[in-house]
Each structure stands twice: as structure tokens, then as C-alpha cells.
> 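Let me begin by handing over the structure; questions about it come next.
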Amino acid sequence: MSLTEAPAAGAFVLDPPVTEQLRDEVLRLWADVVNAGGSVGFVPPVTPEDVRPELLSHLRAMAESRTRLLVGLDDEGHVRGTAFFTFNTHRLMRHWVWLYTVMVHPSAQGRGTGRRLLAAAEEAARGMDGIEGIRLTLRSGSGLERFYASCGYEEVGRVPGAIKVADGDFRDDVTMWRGLTGGSGSAESTAVLREAGRDRP
């Protein structure tokens, strides 16, 4: 795939080179999203160092070809969004991928950036051999179910109170599914994607 996003929205890049700058920008993005109330594995307050072990886990999986990274860049080339694809190893589940750590910087929210990120993720998944669906989980309580539903995802499971964010504050663990076999993509899939030089698994 070799497409370009409008300059105001930046570009989406699959498998960007893992440089020190990229690592630092993803760490800052992750901390900024959590501290703004985002549901990406932590509760505020956090620092980039707090989230570093989780990012390193993702990077190790990428080095082992178990995970791929999609980044959203602003018009200056800085990371403003991420989504990590993780492949299944079970022989009966290799036809779909997990989508983890889907986030957009607070300064880029409210302008359709999240929708474009998900559309780029869908476009990327459709280009992966044998992949017929995307599965993700989310934390209830922030309206994310409605957002993902508006992007074509379907709620397919919910575990009440499975996530404890604070004493007395329990949230549901919600599973969402996006099938990829029913058409060519969502209306947002004019979203633009650029691959950065790694063979698909």
C-alpha cells in the first residue's frame, strides 16, 4: 500500500523504523493519553518511565514478528497515534488479529483522528495474509463502546467489573469485533496508509 494522508491530518505508517525518537515519542504519547483520562492500561498519574515496561513488551513482540505497529504522524512527522496488531499463535485463531494500545494524543482528539486511525488499521489488517477480523477489548465507563460501534465494531462480550481502576471503582471488560470479510472497508477507509519497509508475516 502506498497512499498519503492530507497534510493537516499527517500520515499513517505501518511498521515504522524503531528508532530512539519513535520509542520516546510513543512513551510520551502513552503517558499524555493516560493522564488525560484515556483507557490504555493505566490510571493517572503516570510518567513515560511508568509505561516503558509495557512498550518494551510490545517492541520485543515486534522483533519476534508477533506484533506490528501502526503509527499516526502529524505534519511534522511526530507520533500522535498508535495501534498495535498482535497475531494469534493458536492454529484455529490465526484468521484474526488483536488490536492493542489504540490511542490518539489529546491535542489531536475531536477532529476525526481516531476514526482515521481505526480506518487505517482496518486497511492494514485487510492487507495481511489470511486476516478476516479484528478483535479488541476496552474499559467501560468512557463511551468507547459507542465510538467503536460508530466505526463498524460490534460488541461481542462483556465481563462485568473485571477491571479495577480504584478502590470501589470497577469497570466492565468489553470485547469488540470488526469482521473484514463483508466488503471492501468502511467509509473512512480512504484513510491513508504507508508501509515502511518490512515484509508482512
> Would V34 end up clustered with I163 when hydrophobic side chains under 4.5 Å apart are linked, directly or stepwise?
no
> E49 and R52: salt bridge (charged side-chain N to carboxylate O under 4.0 Å, His left out), yes or no, with the steps?
CA-CA 5 Å; E49 287 306 307; R52 184 181 295 274; 2.7 Å; yes
> Between E123 and F12, is any pair of side-chain heavy atoms under 4.5 Å apart?
no
> Determine whether a donor-acceptor pair (N or O, by modelled atom type, separation under 3.5 Å) exists between the side chain of D173 and the backbone of A162.
no
> Please determine which of D24, T19, V18 meets the side-chain contact (heavy atoms from CB on, under 4.5 Å) test together with Q21.
T19
> Closest heavy-atom contact between L99 and A121?
CD2-CB, 4.2 Å
> In Å, rounded to the nearest 0.5 Å, how long is the span from CD of E54 to CG of L56?
9.5 Å
> Going by the rule ring-ring contact (aromatic ring centres under 6.0 Å, His included), which residues pair with F85 if we only count those two or more places apart in sequence or in a different chain?
none
> Look only at the side chain of D74 and the backbone of E76, and say whether a donor-acceptor pair between them is shorter than 3.5 Å.
yes
> Are any non-hydrogen side-chain atoms of S39 and R171 less than 4.5 angstrom apart?
no
> Rounded to the nearest 0.5 Å, what's the gap from CZ on R126 to OG1 on T181? Could you check?
8.0 Å
> Can you tell me how far apart CG (D129) and NE2 (H95) are? Round to the nearest 0.5 Å.
15.0 Å
> Would you compute the distance between atom CG of D15 and atom CE of M62 and round it to the nearest 0.5 angstrom?
7.0 Å
> For the residue pair G161 and F170, what are the closest heavy atoms and their distance?
O-CD2, 3.7 Å
> Say you draw a straight line from CG of L117 to OG1 of T82; how long is it, rounded to the nearest 0.5 Å?
7.0 Å
> When the ring planes of W98 and W96 are compared, do they come out parallel, tilted or perpendicular, using 30° and 60° as the limits?
perpendicular
> Please lay out, stage by stage, how S150 and R115 fare under the test side-chain hydrogen bond (donor to acceptor under 3.5 Å, both in side chains).
CA-CA 9 Å; S150 72; R115 291 180 182 277; 2.9 Å; yes
> Would you say R139 and V165 make side-chain contact, with heavy atoms under 4.5 Å?
yes
> Please find the pair of heavy atoms, one from V174 and one from S140, that lie closest to each other, and give the distance.
CG2-CB, 4.2 Å
> Measuring from atom CD of E122 to atom CD1 of I134, what distance do you get when rounded to the nearest 0.5 angstrom?
6.0 Å
> I'd like to check F84 versus L55 (side-chain heavy atoms, cut-off strictly below 4.5 Å). Are they in contact?
yes
> Any side-chain to backbone donor/acceptor pair from W30 onto V40? Under 3.5 Å, distance only.
yes
> Within the 3.5 Å criterion, strictly below it, is a donor on H78 or E25 matched to an acceptor on the partner's side chain?
yes
> Is there a donor-acceptor contact under 3.5 Å from the side chain of Q109 to the main chain of V104?
yes
> Considering residues at least two apart in sequence or located in another chain, which fulfil the salt bridge (Lys or Arg N to Asp or Glu O under 4.0 Å) criterion with E64?
R66
> Which atoms form the tightest heavy-atom contact between L22 and P17, and what is the distance?
CD1-O, 3.8 Å
> Do V43 and L138 land in one hydrophobic cluster if side-chain heavy atoms of ILVMFWY residues count as linked below 4.5 Å?
no
> Could you check whether any side-chain heavy atom of R68 comes within less than 4.5 Å of a side-chain heavy atom of L14, counting everything from C-beta outward?
yes
> Please find the pair of heavy atoms, one from R158 and one from P160, that lie closest to each other, and give the distance.
O-CD, 3.6 Å
> Which heavy atom in A108 sits nearest to a heavy atom in T113, and how many Å separate them?
O-OG1, 2.9 Å
> Angle class for the Y148/Y153 ring planes (parallel below 30°, perpendicular above 60°, tilted otherwise)?
perpendicular
